[in-house]
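One structure below.
Below, chain A is the first sequence line, B the second, and so on; all start at residue 1. Hydrogens, waters and symmetry mates play no part in the numbers below; they use all other heavy atoms, side chains included.
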Number of protein chains: 2
Amino acid sequence: MSTTVVTPFKHEGHDHDHCVDDALARAERQCERRGVRLTPIRRRVLELIWRRHEPMKAYDLLDMLRAERRSAAPPTVYRALDFLLEEGLIHRIESLNAYVGCGDPDRPHVGQFLICRHCNAVAEMNDADVHKVLADKAGDLGFQVGTQTIEINGLCPICRDQGHALNAV
Amino acid sequence: MSTTVVTPFKHEGHDHDHCVDDALARAERQCERRGVRLTPIRRRVLELIWRRHEPMKAYDLLDMLRAERRSAAPPTVYRALDFLLEEGLIHRIESLNAYVGCGDPDRPHVGQFLICRHCNAVAEMNDADVHKVLADKAGDLGFQVGTQTIEINGLCPICRDQGHALNAV
DNA sequence: TACGACGTGTTATATTGTTGCACAAGCAAG
DNA sequence: CTTGCTTGTGCAACAATATAACACGTCGTA
Ligand SMILES: [Zn+2]
Ligand SMILES: [Zn+2]
Ligand SMILES: [Zn+2]
Ligand SMILES: [Zn+2]
């Protein structure tokens, strides 16, 4: 069993205030250690992402930023996102054009995402078996693996238990 | 060994004219069987995608279409792409905002893509082991799998043999 | 002080994708 | 054949996502 849940579903009973505070504290420590600056804008964007604990769109973040910082513009948020991506503090969900916080930014990795199509909850796995089987199969074809984009769309435990069905979108 | 290569890399010695003709003939048979219409526009877009045998952007297709059909506009190409996606004749590569032909449109499936970061070549796998390990791991977390987006970026056999390195982008 | 690196403000632009409505082409029932 | 329905296309505008270019300010350091 090599499954590592990097970030669990939001529902799965957790003290979310604590979860956000934790993520910000981790980010601050990590940035200090690396000698990079978690400026107010960057910190605020990271906080907005964690607050919702679900994939956030760049322009939704921009609207929120604008509410408190009149000068915010697209570059403001995209620069912050670039920084956070660079430092591994967030991941980009390609299939949604959205961004989620990473629960384990310390070691660089690519995420394996489970995305609920009903409630938008996202969990991040980092499973060595998944990585290995893909690398092996790709290797069989002579392909050298760089970055894996793995995004699984489906139903989270809560929504499944509530009777939502896959085919109903 | 459950690896099925749905669409191999373009390089791997193949008669490309034949490959395009084949794809179009398959598409025509399939559309007829299903009672849907492979109209001239749809057929032409599919052909443009197969001609290049690599991920094609919507607006690049639009430019090509416009060269021969003055009235072409964004909806023209997006409607054709929607149709082709619906019928499984092409796949969308989320990480590139691009579209590639599917080598096995008959049975619906999601693709597992190997994308060369140097030459843009794409191969499509449809590997049961990959699907299973992901479904199992997701299932362990109570997640019911719907659609998998799997896109591996790296180096194709040709580019790797030519000494291109992963880190050099 | 002077310099250089970095972060931000600002404006404009590029890229990717959608909506709405009118009209035409294909097809089936009468 | 012709009426009416469904599907496909033309067209215009727009929405959503992302980047470019340049000016300016702050801060650490030679
Ligand atoms: Zn939380
Ligand atoms: Zn859910
Ligand atoms: Zn070919
Ligand atoms: Zn290559």
Short side-chain N/O contact from B/Ser71 to OP1 or OP2 of D/dT9, under 4.0 Å: no

Nucleotide of D/dT17, D/dG8, C/dT8 approaching A/Asn97 most closely (side-chain heavy atoms): D/dT17

Spacing of A/Leu96 atom CG relative to C/dG17 atom C1', expressed in whole Å: 15 Å

Phosphate OP1/OP2 of C/dT15 contacted by B/Lys57 side-chain N/O (<4.0 Å): no

Sugar-phosphate, base or nothing in reach of A/Arg37, heavy atoms under 4.0 Å: sugar-phosphate

Given C/dT19, D/dT19, C/dT8, the nucleotide with the shortest approach to the side chain of B/Pro75: C/dT19

Side-chain donor-acceptor pair present, A/Asn97, A/Arg92, cut-off under 3.5 Å: yes

Donor on one side chain, acceptor on other, B/His109 and B/His131, under 3.5 Å: no

C/dG17 phosphate, OP1 or OP2, under 4.0 Å from B/Arg92 side-chain N/O: yes

Which nucleotide in C/dG9, D/dA18, D/dT9 has an atom nearest any side-chain atom of B/Arg69: D/dT9

Sugar-phosphate, base or nothing in reach of A/Arg70, heavy atoms under 4.0 Å: nothing

Side chain B/Arg79 and base D/dG10 donor-acceptor under 3.5 Å: yes

Ring-on-base stacking C/dT18 with B/Tyr78 (under 5.5 Å, under 30°): no

Short side-chain donor-acceptor distance under 3.5 Å, B/His16 and B/His14: yes

A/Thr76 vs B/Tyr99, nearer the 5' end of DNA chain C by closest nucleotide: A/Thr76

No-hydrogen, no-angle side-chain donor-acceptor test under 3.5 Å, B/Glu94 and B/Thr149: no

